[in-house]
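Since we're looking at a predicted model, the values are computed, not measured. When a residue number appears, it is its place in the shown sequence, counting from 1.
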Amino acid sequence: PLYRYNPDLEKEGKNPLVIDSGEPTISFEEYASHENRYRMLRLSKPELADALGEQAQADVQRRWKYLRHLAKWNPEG
């Protein structure tokens, strides 16, 4: 994710965190299918690749949820 943090915005009563990029439009699995390092893992150890892919997808979702939460913060209350 691309974002900016400007602490001076808080002095103006604005949220200092601005998210510049949109949320992911594809799953981690779809992204990983285009990367040789993940493809090789899938070929050599498919069960491990599945488990790690599920963990990675959950992490992506957790991080976006946290970023959205931070971006909604209101310094005035």
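- Atom CD of E54 is separated from atom CG of D59 by 13.5 Å, given to the nearest 0.5 angstrom.
- For the pair P24 and Y31, the minimum side-chain heavy-atom distance is 4.5 Å or more.
- Under the side chain to side chain donor-acceptor pair (under 3.5 Å) criterion, E29 pairs with R42, not counting sequence neighbours.
- Within a 6.0 Å radius of NE2 in H69, other residues, nucleotides and ligands contribute 12 heavy atoms or fewer.
- More than 12 heavy-atom neighbours from other residues, nucleotides or ligands sit within 6.0 angstrom of CZ on R39.
- When the side chain to side chain donor-acceptor pair (under 3.5 Å) test is applied to D8, the partners found at least two apart in sequence or on another chain are K11.
- Nearest heavy atoms, P1 versus S21: CA-OG, 3.4 Å.
- Considering all non-hydrogen atoms of both residues, H34 and E30 come closest at CD2-O, 3.0 Å.
- Criterion: ILVMFWY side-chain heavy atoms under 4.5 Å apart, direct or through other members. Under it, Y66 and Y3 are part of a common hydrophobic cluster.
- Residues Y38 and A32 share a closest heavy-atom pair of CB-O, 3.5 Å.
- Evaluation of the side chain to side chain donor-acceptor pair (under 3.5 Å) rule for K72 yields no partner, not counting sequence neighbours.
- Here the CZ atom belonging to F28 is positioned 8.5 Å from the CD atom belonging to E35, to the nearest 0.5 angstrom.
- Atom CG in L52 sits 11.5 Å away from atom CD in E47 (nearest 0.5 Å).
- Within a 6.0 Å sphere centred on OH of Y5, heavy atoms belonging to other residues, nucleotides or ligands number more than 12.
- Atoms CH2 and CD1, on W64 and I19 in that order, are 5.5 Å from each other to the nearest 0.5 Å.
- A pairwise comparison of heavy atoms in N74 and G13 identifies OD1-O, 4.3 Å as the closest pair.
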Can V18 and N6 be said to form a side-chain contact (heavy atoms from CB on, under 4.5 Å), step by step?
CA-CA 8 Å; V18 178; N6 181 352; over 6 Å; no

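- Of all heavy-atom pairs spanning P75 and K14, the tightest one is CG-O, 3.3 Å.
- The backbone N or O of L70 lies less than 3.5 Å from a partner atom in the side chain of N15, making a donor-acceptor pair.
- Taken from CD in E23 to CZ in R63, the straight-line distance is 14.5 Å, to the nearest 0.5 Å.
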